[in-house]
Amino acid sequence: MRKLNTLIFLCISLCCFSQKPGQRNALMTIRGNIGIPQVISSKMFRTSFAGIYEGNLSVNFRLFDNFYMGAGYQNTQFQNNKFLKMQLFNASVSYNTRLMCNGMFIKLGYDQFFSEKGYFSYSINTGYMLSVYNNVNADTSARNQPFVGKKFNAPYVQPEVSVNFGVEDNMSFSLMVSYTTLFHKYVARAPRFNQFEEIRKARNNYVMGWLAFGVGFNVLRNRK
């Protein structure tokens, strides 16, 4: 919750900067980000998985003023937490179950300049995510029944804020923060984790969601 409050405070603080008059970003921008996601919504999901990486890439066109629109692809991956182990004879072996998410999205955003080469970007990505649990151990205990499929698909929405610093006329680098809401409720039986009491008894009142901090780049084409 503290990190979500930090994100909200950051958005409000950035809005206090005034737009430098007359400045426009490039007609076409290629924007990419990579970061590390951290689950903060469902405690059951957070107990099961930790984020490995999240990356996205989009192609965007300026519509008017500094408003832009584009389309892109996102890939996010999680791995089970290390305390999850299975007993094989007299040994404990760690699980290696991963959640792989691939999404296509539409981006709507606005660039706000605070200097000749510095600007904030406020955007929202919305799209559809295809997700699958890989390396699932075939646990057939009663706790994991009735069985649930390893694949699921759901829409998602992702507000994003970044601060960008131009290093050349056609390139800038950024620091970003985003929050993803995937409109799917986590089911521990899908990755066959429901036999773990720590997971089974954890709260699961919300859909899946995670916060990500990272870095990015913008390639600026036809900039004026």
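Heads up: numbering here begins at 1 and tracks the sequence. Just so it is clear, the structure is predicted and the values come from calculations on it, not from any experiment.
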Next on the checklist: Closer than 3.5 angstrom, by distance alone: can the side chain of N75 be matched with the main-chain N or O of N102 as a donor-acceptor pair?
Outcome noted: no
Next on the checklist: With a 3.5 Å distance limit and no angle check, can you tell me whether Q145 reaches the backbone of T140 through a side-chain donor-acceptor pair?
Outcome noted: yes
Closest heavy-atom contact between [X] and [Y]?
X	Y	result
S172	G166	CB-CA, 3.7 Å
F147	N144	CD2-O, 3.3 Å
S121	N164	OG-ND2, 3.2 Å
F114	Y119	CE2-N, 3.2 Å
F152	L182	CE1-CD2, 3.8 Å
A50	N81	CB-OD1, 3.4 Å

Next on the checklist: Classify the ring geometry of F196 against Y95: parallel below 30°, tilted from 30° to 60°, perpendicular beyond 60°.
Outcome noted: perpendicular
Item to check | Stepwise side chain to side chain donor-acceptor pair (under 3.5 Å) check, S141 with Q195 | outcome: CA-CA 7 Å; S141 62; Q195 73 273 22; 4.8 Å; no
Next on the checklist: With a 6.0 Å cut-off (strictly less than), is the heavy-atom count around CZ of F217, excluding the residue itself, greater than 12?
Outcome noted: yes
Item to check | Over 12 non-hydrogen atoms of neighbours within 6.0 angstrom of CD1 in I52 | outcome: yes
Checklist outcome for this item: Residues pairing under salt bridge (charged side-chain N to carboxylate O under 4.0 Å, His left out) where one sits in residues 33-56, two or more places apart or in two chains, turn out to be none
In the structure I gave you, are the side-chain heavy atoms of [X] and [Y] within less than 4.5 Å of one another anywhere?
X	Y	result
F49	P191	yes
I30	N218	no
N66	Q112	no
L99	M208	yes
F78	P37	yes
V219	M171	yes
F193	L84	yes
P146	R189	yes

Checklist entry - Hey, what do you get for OG (S178) to CG (N125), rounding to the nearest 0.5 Å? => result 8.0 Å
Checklist entry - When rounded to the nearest 0.5 angstrom, what is the spacing between OG in S123 and CG in N33? => result 8.0 Å
Next on the checklist: For a side chain to side chain donor-acceptor pair (under 3.5 Å) check, start with the C-alpha distance between T76 and Q74, then their side-chain angles and the critical distance, and finish with the verdict.
Outcome noted: CA-CA 7 Å; T76 308; Q74 175 171 316; 3.2 Å; yes
Next on the checklist: The test is side-chain contact (heavy atoms from CB on, under 4.5 Å); show your working for D65 and R24 and say whether it passes.
Outcome noted: CA-CA 7 Å; D65 192 17; R24 298 288 182 269; 3.1 Å; yes
Under the side-chain contact (heavy atoms from CB on, under 4.5 Å) test, which residues partner [X], sequence neighbours left out?
X	result
N204	S42, M44, K185, Y186
I106	M69, A71
R200	R143, N194, E197

Using residues 126-137 as the side-chain source, report each donor-acceptor pair under 3.5 Å to any protein atom, sequence neighbours left out, with the distance given to one decimal.
unit_1	atom_1	unit_2	atom_2	d
T126	OG1	Y156	O	3.4
N135	ND2	N96	O	3.2

Item to check | From CA spacing to verdict: side-chain contact (heavy atoms from CB on, under 4.5 Å), I40, W210 | outcome: CA-CA 5 Å; I40 64 171; W210 55 89; 5.8 Å; no
Next on the checklist: side-chain contact (heavy atoms from CB on, under 4.5 Å) for Y179 and V177? Distances and angles first, verdict last.
Outcome noted: CA-CA 7 Å; Y179 183 79; V177 58; over 6 Å; no
Item to check | Ring-ring centroid check Y110 Y68, cutoff 6.0 Å | outcome: no
Checklist entry - To which residues is Y73 joined in a hydrophobic cluster, defined by side-chain heavy-atom contacts under 4.5 Å among Ile, Leu, Val, Met, Phe, Trp and Tyr, whether direct or through other members? => result M104
Next on the checklist: Can you tell whether the side chains of R62 and D111 come within less than 4.0 Å, N to carboxylate O?
Outcome noted: no
